[in-house]
Trainee: 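Can you keep this structure in mind? I'll have questions shortly.
Because the structure is a prediction, the values reported are computed rather than measured. Numbering of residues begins at 1 and proceeds along the displayed sequence. Just so you know, these numbers use all the heavy atoms, side chains as well, and skip hydrogens, waters and symmetry mates.
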Amino acid sequence: MRILSILFFLTCLTVSAQHANYHIQGQLEGYPEGFLVKLYDLSKGTNILMDSTDLKNGKFSFKGPLPLGYQLMAIMDIRKIDKGYSMDYKKFWVDSNTLTFEGKFNDLTHAKVSGNVLNEDESELFRLMDQQPNNHIQVVQDFGKKNPNSLIAIKYLALYAHKMDKKTLKEYFDLFDLNPRNSIFGQEIQAHLKSDIKNLKIGDQAPDFTLPNKEGKKISLSQYKGKYVLLDFWGSWCNPCRLENKNLVKLYKEFHPKGFDILGVSIEGTREAWLGSMEEDQVTWESLSDLNTDKTEPVRLYSVHSYPTNFLISPDGKIIDMNLRGEELQKKLKELIK
């Protein structure tokens, strides 16, 4: 009887999700009348334009289907400037509740978003993370214990799954209610628990892979043996990645003549965005992509769940360190490359 009840609940959940719709009511200050407001989907490892509408009397509205019943979206203002592009945006979660969006010109990052518990949960989780910057995994675990029905809690548990041993991960996963466990994030965790891929750590051999470069030539990580190489997972749509590219350009110029190299894996859906961002950011090292967004094989091999993510690899193909950026990366390279 209990099994039949659970099956009935899952069937109702599926039907409900299939008929769910999002509704965003927004207003923007400082933008001209008729400004084209653009709504993007952020759920596939690249920014996909979903819809756009003209601003009228400072107001706009979006409506549309929501197959999963929830989705990560963004309002973006991307403008051409003297050197490249300026990107002002606000990320937020939508569900079947009506969402209110209030933003100002050149400050969308601080826009006020209200109307559902998803954004409230994420704001609270970020606040707790800020209080414990060196203990994010424990913060996420504790948040999930207190909020077993939170989609945000299980989303961030999935984000850190590759840094947890599978026994601990399963213990925390099992504390969640049925709805979040059956979400796409819960499914990611279940796939990770069943996977035979081990969480990579310093000292492990870096898994080899092969992807095409911008000319279509197949490039393998193993071709870089004999060099110190930074394996960099990034995307044209990822603002922190684009900012970090500025640091990498400087480091590449400084250390490439001494035997250092960079191999990028770009998480892309379109060739135009990929090549355009490389040109704008002056990326001259190899950057690979099969345009399969975050379903590309290296993402699975390296258990990458956020961007940018990088791995510093030794000449003999072993992982020396992970996620070094800016001054930290420069300091490490100076230690290794004389």
Trainee: State, yes or no, whether a side-chain contact exists between L169 and Y160 at a heavy-atom distance under 4.5 Å.
Mentor: no
Trainee: Taking all atoms of both residues into account, what is the closest heavy-atom pair of N57 and E33, and its distance?
Mentor: N-OE1, 2.9 Å
Trainee: To the nearest 0.5 Å, tell me how far L248 CG sits from L329 CG.
Mentor: 7.0 Å
Trainee: For the CD atom of Q205 and the CG atom of L200, what is their distance to the nearest 0.5 Å?
Mentor: 10.5 Å
Trainee: Please check if atom CD in E335 has more than 12 non-hydrogen atoms from other residues, nucleotides or ligands closer than 6.0 Å.
Mentor: yes
Trainee: Can you check side chain to side chain contact (heavy atoms under 4.5 Å, CB included) on V117 and L151, steps first, answer last?
Mentor: CA-CA 9 Å; V117 71; L151 185 74; over 6 Å; no
Trainee: Can you name the nearest heavy-atom pair linking F255 to Q330, along with the distance?
Mentor: CZ-O, 4.1 Å
Trainee: State whether a side-chain donor-acceptor pair under 3.5 Å links E268 with S236.
Mentor: yes
Trainee: Are D174 and K170 within salt-bridge range, i.e. N to O under 4.0 Å?
Mentor: yes
Trainee: Consider only side-chain N and O atoms of N116 and Y70, and report whether a donor and an acceptor are under 3.5 Å apart.
Mentor: no
Trainee: Going through the distances and angles, do I48 and W237 end up as a side chain to side chain contact (heavy atoms under 4.5 Å, CB included)?
Mentor: CA-CA 9 Å; I48 299 174; W237 46 272; over 6 Å; no
Trainee: Quick one: closest heavy-atom pair of F173 and Q190, and the distance?
Mentor: CZ-CG, 3.5 Å
Trainee: Consider only side-chain N and O atoms of D177 and N179, and report whether a donor and an acceptor are under 3.5 Å apart.
Mentor: no
Trainee: Which of parallel (below 30°), tilted (30 to 60°) and perpendicular (above 60°) describes Y252 and H256?
Mentor: parallel
Trainee: Would you sort out whether Y307 and V299 count as a side chain to side chain contact (heavy atoms under 4.5 Å, CB included), showing the intermediate values?
Mentor: CA-CA 11 Å; Y307 305 91; V299 166; 3.7 Å; yes
Trainee: Are Y224 and L312 connected, step by step, through hydrophobic side chains (Ile, Leu, Val, Met, Phe, Trp, Tyr) whose heavy atoms are closer than 4.5 Å?
Mentor: no
Trainee: Are L221 and I313 side-chain neighbours, meaning at least one heavy-atom pair lies under 4.5 Å?
Mentor: yes
Trainee: About how many Å separate CD of E102 and OG of S114, when rounded to the nearest 0.5 Å?
Mentor: 6.0 Å
Trainee: Checking E244 against N247: is there a side-chain donor and acceptor pair closer than 3.5 Å?
Mentor: yes
Trainee: Could you check whether any side-chain heavy atom of Y156 comes within less than 4.5 Å of a side-chain heavy atom of V139, counting everything from C-beta outward?
Mentor: no
Trainee: Any link between L230 and V265 through a network of hydrophobic side chains (Ile, Leu, Val, Met, Phe, Trp, Tyr) touching at under 4.5 Å?
Mentor: no
Trainee: Is F105 linked to V113 within one hydrophobic cluster, defined over Ile, Leu, Val, Met, Phe, Trp and Tyr using a side-chain heavy-atom separation of less than 4.5 Å?
Mentor: yes
Trainee: Can you see which heavy atom on C241 is nearest to which on P308, and at what distance?
Mentor: SG-N, 3.5 Å
Trainee: Provide the closest heavy-atom pair for V37 versus F62 in the form atom of the first, atom of the second, distance.
Mentor: O-CZ, 3.5 Å
Trainee: Is there side-chain contact between P315 and Y228, with heavy atoms separated by less than 4.5 Å?
Mentor: yes
Trainee: Walk me through it: do D41 and Q71 pass the test side chain to side chain contact (heavy atoms under 4.5 Å, CB included)?
Mentor: CA-CA 8 Å; D41 172 16; Q71 194 168 332; 3.1 Å; yes
Trainee: Is it the case that the side chain of N119 and the backbone of W93 share a donor-acceptor pair, with hydrogens and angles ignored and the cut-off at 3.5 Å?
Mentor: yes
Trainee: Find out if a path of hydrophobic residues (ILVMFWY) with successive side-chain heavy-atom gaps under 4.5 Å connects W234 to L211.
Mentor: no
Trainee: Within the 4.5 Å heavy-atom criterion, are L157 and F143 side-chain neighbours or not?
Mentor: no
Trainee: Look at the side-chain heavy atoms of Ile, Leu, Val, Met, Phe, Trp and Tyr, link any pair under 4.5 Å apart, and say whether L243 and L324 land in one connected group.
Mentor: no
Trainee: So, K166 side chain and H192 main chain: donor-acceptor pair closer than 3.5 Å or not?
Mentor: yes
Trainee: Which heavy atom in L251 sits nearest to a heavy atom in F260, and how many Å separate them?
Mentor: O-CD2, 4.3 Å
Trainee: What distance separates E122 CD from K91 NZ, expressed to the nearest 0.5 Å?
Mentor: 7.0 Å
Trainee: State, yes or no, whether a side-chain contact exists between P298 and V304 at a heavy-atom distance under 4.5 Å.
Mentor: no
Trainee: Does a side-chain N-to-carboxylate-O contact under 4.0 Å join K331 and E328?
Mentor: no
Trainee: Pick out which of N135, D142, N134 makes a side-chain hydrogen bond (donor to acceptor under 3.5 Å, both in side chains) with Q138.
Mentor: D142
Trainee: How long is the gap from OG on S61 to CG on L55, to the nearest 0.5 Å?
Mentor: 12.0 Å
Trainee: So, does N323 use its side chain to make a donor-acceptor pair with the main chain of N310 at under 3.5 Å?
Mentor: yes
Trainee: Short question: side chain of S222, backbone of D208 - any donor-acceptor pair under 3.5 Å?
Mentor: no
Trainee: Just how far is it from atom OG of S150 to atom CD1 of I152, taken to the nearest 0.5 Å?
Mentor: 6.0 Å
Trainee: Does NZ in K90 sit with more than 12 non-hydrogen atoms of other residues, nucleotides or ligands closer than 6.0 Å?
Mentor: yes
Trainee: I'd like to check W274 versus L291 (side-chain heavy atoms, cut-off strictly below 4.5 Å). Are they in contact?
Mentor: yes
Trainee: Check whether any side-chain heavy atom of Y40 sits under 4.5 Å from a side-chain heavy atom of M76, and report yes or no.
Mentor: yes
